[in-house]
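Worksheet: the structure to be examined is printed underneath.
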Protein chains: 2
Amino acid sequence: MGTKREDIIDAANRAFYRDGFAEVGIDRVVGEANVALGTLYRHFKTRSEVITAALQRRHGDFLHALEGAGEAGKGADCVLELFDVLEAWSTQQGGNGCFFLRAAADYPADDSIQNAARSHKREYLAVIEQRLLQGGWSKGQAEQLGSTIFVLLEGAVAAAFTLGDGAAVTTARNAAARILGSAKPESG
Amino acid sequence: MGTKREDIIDAANRAFYRDGFAEVGIDRVVGEANVALGTLYRHFKTRSEVITAALQRRHGDFLHALEGAGEAGKGADCVLELFDVLEAWSTQQGGNGCFFLRAAADYPADDSIQNAARSHKREYLAVIEQRLLQGGWSKGQAEQLGSTIFVLLEGAVAAAFTLGDGAAVTTARNAAARILGSAKPESG
DNA sequence: AGAAAAGTAGAACGATCGTTCTATCCGAGT
DNA sequence: ACTCGGATAGAACGATCGTTCTACTTTTCT
């Protein structure tokens, strides 16, 4: 059905993520989506709605990628697999940093964009904590370790963007492994 | 002398960092700088030059803040003080994430902006490695640990922005302390 | 088949934006 | 006193952008 709508959202995701919100306009999005201008404005009331839809779609895709791997792991492995998913995801997307942070920073006055970014990060953190619980850590440990893993994952995408390669994800993964190893679920 | 120029750069830093590149124009900068439009264009040839100057100024201020603290520490302390400086800096600036990453993401086709962001991060990483050397770690350890500390620092500002409070910096600092503790310079 | 909905190409509009220009004014230096 | 470089306010311009509109064609549904 709404395949045109999906095309627009896909194109918006690619264009905005690759070239930045400041440099791509609606015309670039319709051009990359192979869609008429009127079609976009039939599906979305405003540019802000396009961006919000792109964020929501990316959130769904990312969560799907997260849940598609590492659910069977035990101990630290099911947490560390988050880094593997992130590395594949980041390089596949182009390694231009976190799309949600970029959108939130560019449109601090846009409530729907702020909401999309905030709720994404909340759910992301929740997934991390759930993996820690699944790995055998207690609820209190999961909250504490979850924040640390979250910082490492966020730092990984930021550093990968800055340094231009995905080695930072491996660095973050190693750090996470060391920290998880020194706070084993058996010993807590 | 060039106090008007400084006013413009200051205002650009505040406005762009607070409200994002997509939402603030040259008129907002001149308005916040209490300066005439012609004055801005006497000092800068283009908007891109204003942004680049803002980045360079912020780089200088940040490095100055870094070098102003923790130079006397020994061992892990002189590295961990980077987190303390970052926390003060981040909350003082408003906690809207890394200005350089945001600029680099928004203007991927602007060479001077890309250069300013890239060289900032390079120097930042160099400061971290220098602190590790100062703390007694070997050159090889400094490079390896430096990447990890860098990831933690980058993750700290990103997470602080997302979660809205500075607790992420403390989380990152604790993680850094644990990692530095398990790779003591005496034992390497 | 026929009607309703969705899509297309492109013109058009109003607003905004980056940039330039004009005219005037102020302050410092020989 | 006269000039000259920097500052000011604001008009002006061309480009772009987001959004709407028109006219036409295609798809979809019953």
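A, B, ... follow the sequence lines: proteins, then strands. Residue 1 opens every chain.
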Inset, instruction - In whole angstrom, give the distance that lies between atom CG of B:L40 and atom P of D:dT8. - result: 11 Å

Legend entry - Rounded distance in Å - CZ (B:R28) to C1' (C:dC17): 13 Å

Legend entry - Whole-Å distance separating the CG atom of B:L37 from the C1' atom of D:dA11: 11 Å

Inset, instruction - Using a cut-off of 6.0 Å, state whether more than 12 heavy atoms not belonging to B:Q114 lie near its atom CD. - result: yes

Inset, instruction - Looking at every strand, decide which applies to A:R42 at a 4.0 Å heavy-atom threshold: base, sugar-phosphate, or nothing. - result: base

Legend entry - A:N34 CG to C:dT8 P, straight-line distance once rounded to whole Å: 9 Å

Inset, instruction - Would you please confirm or rule out a distance under 4.0 Å between OP1 or OP2 of C:dT19 and any side-chain N or O of B:Y41? - result: yes

Inset, instruction - Compare the minimum distances between each of D:dT8, C:dT8, C:dG18 and the side chain of A:V35, then state the nucleotide with the smallest one. - result: C:dT8

Inset, instruction - Using a cut-off of strictly less than 4.0 Å, decide whether B:H43 has a side-chain nitrogen or oxygen near OP1 or OP2 of D:dA7. - result: yes

Legend entry - 5'-most by nearest nucleotide on DNA chain D - A:G38 or A:I26: A:I26

Legend entry - Atom-to-atom span, CZ of B:F44 to C1' of C:dT20 - whole angstrom: 18 Å

Legend entry - Flag for B:T148-A:T171: side-chain donor and acceptor within less than 3.5 Å: no

Legend entry - Proximal nucleotide (of C:dT19, D:dT19, D:dT8) relative to the B:A36 side chain: D:dT8

Legend entry - A:K4 side chain near D:dT27 phosphate (N/O to OP1/OP2, under 4.0 Å): no

Legend entry - Distance, rounded to the nearest Å, where B:D27 contributes CG and D:dT8 contributes P: 16 Å

Inset, instruction - Verify the neighbour count for atom CD of A:Q144: are there more than 12 heavy atoms of other residues, nucleotides or ligands below 6.0 Å? - result: no

Legend entry - Separation of C:dG18 P from B:D110 CG (nearest whole Å): 14 Å

Inset, instruction - Would you mind telling me which residue lines up with the more 5' stretch of DNA chain D, A:E23 or A:K45, judged by nearest nucleotide? - result: A:E23

Inset, instruction - Please step through ring pair (Phe, Tyr, Trp, His ring centres under 6.0 Å) for the pair A:F16 and A:F99, ending with a clear verdict. - result: CA-CA 9 Å; A:F16 284 132; A:F99 195 40; 7.2 Å; no

Legend entry - d(CZ, A:R5; C1', C:dT8) in whole Å: 19 Å

Inset, instruction - Counting heavy atoms from C-beta on, name the nucleotide in D:dA7, C:dG7, C:dT19 closest to the side chain of B:T39. - result: D:dA7

Legend entry - Name of the residue among A:V79, A:I179, A:L80 meeting side chain to side chain contact (heavy atoms under 4.5 Å, CB included) with A:I149: A:V79

Inset, instruction - Considering just the side-chain nitrogens and oxygens of B:T46, establish if one lies under 4.0 Å of OP1 or OP2 belonging to C:dG18. - result: no

